[in-house]
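Ligands are counted one by one from 1 in listed order, and the atoms in each one are counted from 1 as well. FYI, side chains are in, hydrogens and waters are out, and symmetry mates aren't considered; it's all heavy atoms of this structure.
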Amino acid sequence: MPSTNPDNTENANGPGFDEAQLEQGRLLFTQACDFLLSATNMSQVPESDLPEIAFAGRSNVGKSSLINALTGRKTLARTSNTPGRTRQVNFFDLGARLMVVDLPGYGFARAPKTEIAEWTALIEDYLRGRAQLRRVCLLVDARQGPKEGDRQAMALLDQSAVPYQVVLTKCDKVKQGPLKACIGGVLSELSKHTAAHPDVLVTSSRKGTGMPELRAHLAALAAPEQLV
Ligand SMILES: Nc1nc2c(ncn2[C@@H]2O[C@H](COP(=O)(O)OP(=O)(O)OP(=O)(O)O)[C@@H](O)[C@H]2O)c(=O)[nH]1
Ligand SMILES: [Mg+2]
């Protein structure tokens, strides 16, 4: 069972990945990753048999940057200093083994209300209704910890029984002490959620921290390599 002691950070960066798992992750992410399409409503999402993983989180938390860092492609997913960059659900095919999905952020107030309502509804419809969705990486800024919008997302994922992994972002911006406190706080919060993985991955897209572990985590969900 995971510890909920706030001082205990042993569940940071996963349950510990062995060399073979890290290698699987590395190999998967050397595959071509191709942008497939952007959807503004559920009628536009692609039909696909691939296992799917999605990146969710508040606006500006670093979802698109993390996809770029994982794939080693600087401009695959569009990023911005301004919150509200990603406004559609973007699908990427990783080596015909995994569908990678970049979601719009929630919690962004400086856009027309109707537009915010539209994309919030789209995120919810997608998270509730996508049968092949195997895992949501729920990104939380390591400087801030979970906010109200994250708690709503966790509740929705619990209700929909979609397993999710909390990923702390921008750890390059936090000192060790506050980072440990943030991890401890997240771990104790996760123990209350039924669909949450009981560990935290700590990442920095800027520095590459946590990328091998996150790649290994996701490789375990990918379709097997086709032997031709
Ligand atoms: N220091 C630091 N900055 C980061 C990191 N990851 C992302 N950023 C910055 O955070 C800002 C937002 O990044 P995005 O990847 O566009 O964030 P997003 O979650 O996709 O945002 P929306 O699409 O608006 O929801 C950009 O200025 C990035 O350069 C990181 O690991 N470290
Ligand atoms: Mg984005």
Exercise. Going only through I, L, V, M, F, W and Y residues with side-chain contacts under 4.5 Å, is there a path from Leu27 to Ile53?
Worked result: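 Leu27 and Ile53: separate clusters.
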Decide whether an N or O pair under 3.5 Å exists between [X] and ligand 1.
X	result
Leu103	no
Arg206	yes
Thr79	no
Pro104	no
Leu66	no
Asn81	yes

Problem set entry | Residue and atom name of the nearest protein heavy atom (relative to atom 1 (N) of ligand 1), distance in Å to one decimal |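 Of every protein heavy atom, Asp172 OD2, 2.9 Å lies nearest to atom 1 (N) of ligand 1.
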Exercise. Considering only heavy atoms, does Ser80 approach ligand 1 within less than 4.0 Å through its side chain, its backbone, both, or neither?
Worked result: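 The answer is the backbone.
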Exercise. Between Lys173 and ligand 1, which part of the residue brings a heavy atom under 4.0 Å of the ligand: side chain, backbone, both or neither?
Worked result: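 Side chain only.
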Exercise. Under 4.0 Å from any heavy atom of Ser64, which atoms of ligand 1 are there?
Worked result: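 Contacts of ligand 1 toward Ser64, numbered from 1: 15 (O), 20 (O).
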Exercise. Is it the case that Tyr126 and Glu52 place a side-chain donor and acceptor less than 3.5 Å from each other?
Worked result: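 Tyr126 vs Glu52: donor-acceptor pair found between side chains.
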Exercise. Between Asp141 and Thr169, does any side-chain donor sit less than 3.5 Å from a side-chain acceptor?
Worked result: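 No, Thr169 and Asp141 have no side-chain donor paired with an acceptor closer than 3.5 Å.
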Problem set entry | Any N, O or S atom of Ser64 closer than 2.8 Å to the Mg ion (ligand 2) |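 Under 2.8 Å: Ser64 contacts the Mg ion (ligand 2) through an N, O or S atom.
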Problem set entry | Residues, nucleotides or ligands: over 12 heavy atoms within 6.0 Å of Arg78 CZ |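 Not buried by this count: 12 neighbours or fewer within 6.0 Å.
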Exercise. How close do Arg128 and Ser160 get, heavy atom to heavy atom, and via which atoms?
Worked result: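 Between these two residues, the closest heavy atoms are CG-OG, 3.6 Å.
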For this session: Look at Glu115 together with Arg87 and state whether they make a salt bridge at an N to O cut-off of under 4.0 Å.
Result: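 Result for this pair is yes, salt bridge flagged.
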For this session: Report yes or no: does Arg73 contribute a side-chain atom to a donor-acceptor pair with the main-chain N or O of Cys33 at less than 3.5 Å?
Result: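 Flag set: sc Arg73 to bb Cys33 pair under 3.5 Å.
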